[in-house]
Structures are given as structure tokens and as C-alpha cells.
Amino acid sequence: MDLYQQLILDHSKRPTCGDEITLRVKVSHDQVSGQRLIEDISYDSQGCSISVASASILAEEVTGHPLTDALTTHDAMKAMLTSKGEDAGD
């Protein structure tokens, strides 16, 4: 665990130039609740394992959930990944 945390911290100090993620999100409208739902997510990811894993985790966490919840999850993940180890996440 310490090695993994160190790798994340090292990456945040010197991010790999060229990490790229293309995220495709299919949003539908739920007729019953009136909410917009994340129906499906696909992505292409090139870069370090942290970038690839982040896209995968985000896709798993938000698919099938309301768009508002997905945006909250995105903000929380972004805060955790850019906090330089100060945000442990939940």
C-alpha cells in the first residue's frame, strides 16, 4: 500500500505528459423519475496505470446512476487524485 501511495504522489508531482483519456457517455432520460441517467460509458485510455484505472473506476461507479450523482463522483475522484495524498478518498 505504501508503494502504491508513493507512486500516486510521484505521478502527481511529475505527471506523465501524453496521458490521454477519451470518454464516451450515453445519457438517457428516465420517464418515471425525470432524471437523466448514465446508461453506458466507454473509453479509450493511454498513459500510466493510474490514468487507465481512473477511467475504469469512474465508468464502473457511475454507470446506471443519475447524471447528478455521476458528476458528484467525478468531482470527488478528481479531488482525491489531485490532492497529492491529502485526500484519502472514501
Side-chain angles (χ1 to χ4, degrees):
M1 184 61 124
D2 289 337
L3 177 60
Y4 179 71
Q5 288 175 340
Q6 188 60 46
L7 289 172
I8 291 173
L9 291 173
D10 288 347
H11 180 75
S12 69
K13 292 175 188 170
R14 294 179 305 283
T16 303
C17 294
D19 286 2
E20 274 187 43
I21 297 174
T22 301
L23 192 65
R24 291 172 298 279
V25 181
K26 183 175 181 182
V27 178
S28 64
H29 185 81
D30 185 325
Q31 297 296 328
V32 176
S33 70
Q35 292 184 325
R36 292 184 293 170
L37 300 175
I38 303 294
E39 189 174 320
D40 190 33
I41 294 180
S42 61
Y43 59 90
D44 294 316
S45 184
Q46 296 178 352
C48 72
S49 59
I50 294 169
S51 293
V52 175
S54 296
S56 177
I57 291 167
L58 182 64
E60 286 181 20
E61 290 295 315
V62 302
T63 300
H65 293 274
L67 182 58
T68 53
D69 292 354
L71 293 172
T72 300
T73 300
H74 169 268
D75 292 344
M77 284 185 68
K78 183 177 178 181
M80 180 187 67
L81 292 168
T82 60
S83 72
K84 298 184 180 180
E86 294 178 14
D87 181 351
D90 61 2

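Sequence positions, counted from 1, serve as the residue numbers for this chain. Computed from a predicted model, the values in this text were never measured in an experiment.
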Working to the nearest 0.5 angstrom, can you tell me the gap between [X] [atom1] and [Y] [atom2]?
| X | Y | atom1 | atom2 | value |
| --- | --- | --- | --- | --- |
| S45 | D19 | OG | CG | 7.5 Å |
| Y43 | S54 | OH | OG | 10.0 Å |
| R24 | I41 | CZ | CD1 | 11.0 Å |

Got a list of side-chain donor-acceptor pairs under 3.5 Å for residues 68-79, not counting sequence neighbours?
| residue | atom | partner | partner atom | Å |
| --- | --- | --- | --- | --- |
| T72 | OG1 | T68 | O | 3.1 |
| T73 | OG1 | D69 | O | 3.1 |

*Check the pair I38 / L67 against side-chain contact (heavy atoms from CB on, under 4.5 Å), numbers first and verdict last.*
CA-CA 6 Å; I38 303 294; L67 182 58; 3.5 Å; yes
Smallest heavy-atom separation, G34 atom then H29 atom, equals O-CE1, 3.1 Å
**Asked** How far apart are the C-alpha atoms of L37 and V27, what are their side-chain angles, what is the distance that settles it, and do they pass the side-chain contact (heavy atoms from CB on, under 4.5 Å) test?
**Response** CA-CA 5 Å; L37 300 175; V27 178; over 6 Å; no
(message) Please determine whether residues I57 and V25 belong to a single hydrophobic cluster, defined as Ile, Leu, Val, Met, Phe, Trp and Tyr linked transitively by side-chain heavy-atom distances below 4.5 Å.
(response)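 Yes, because I57 and V25 connect within a single hydrophobic cluster, where side-chain heavy atoms sit under 4.5 Å apart.
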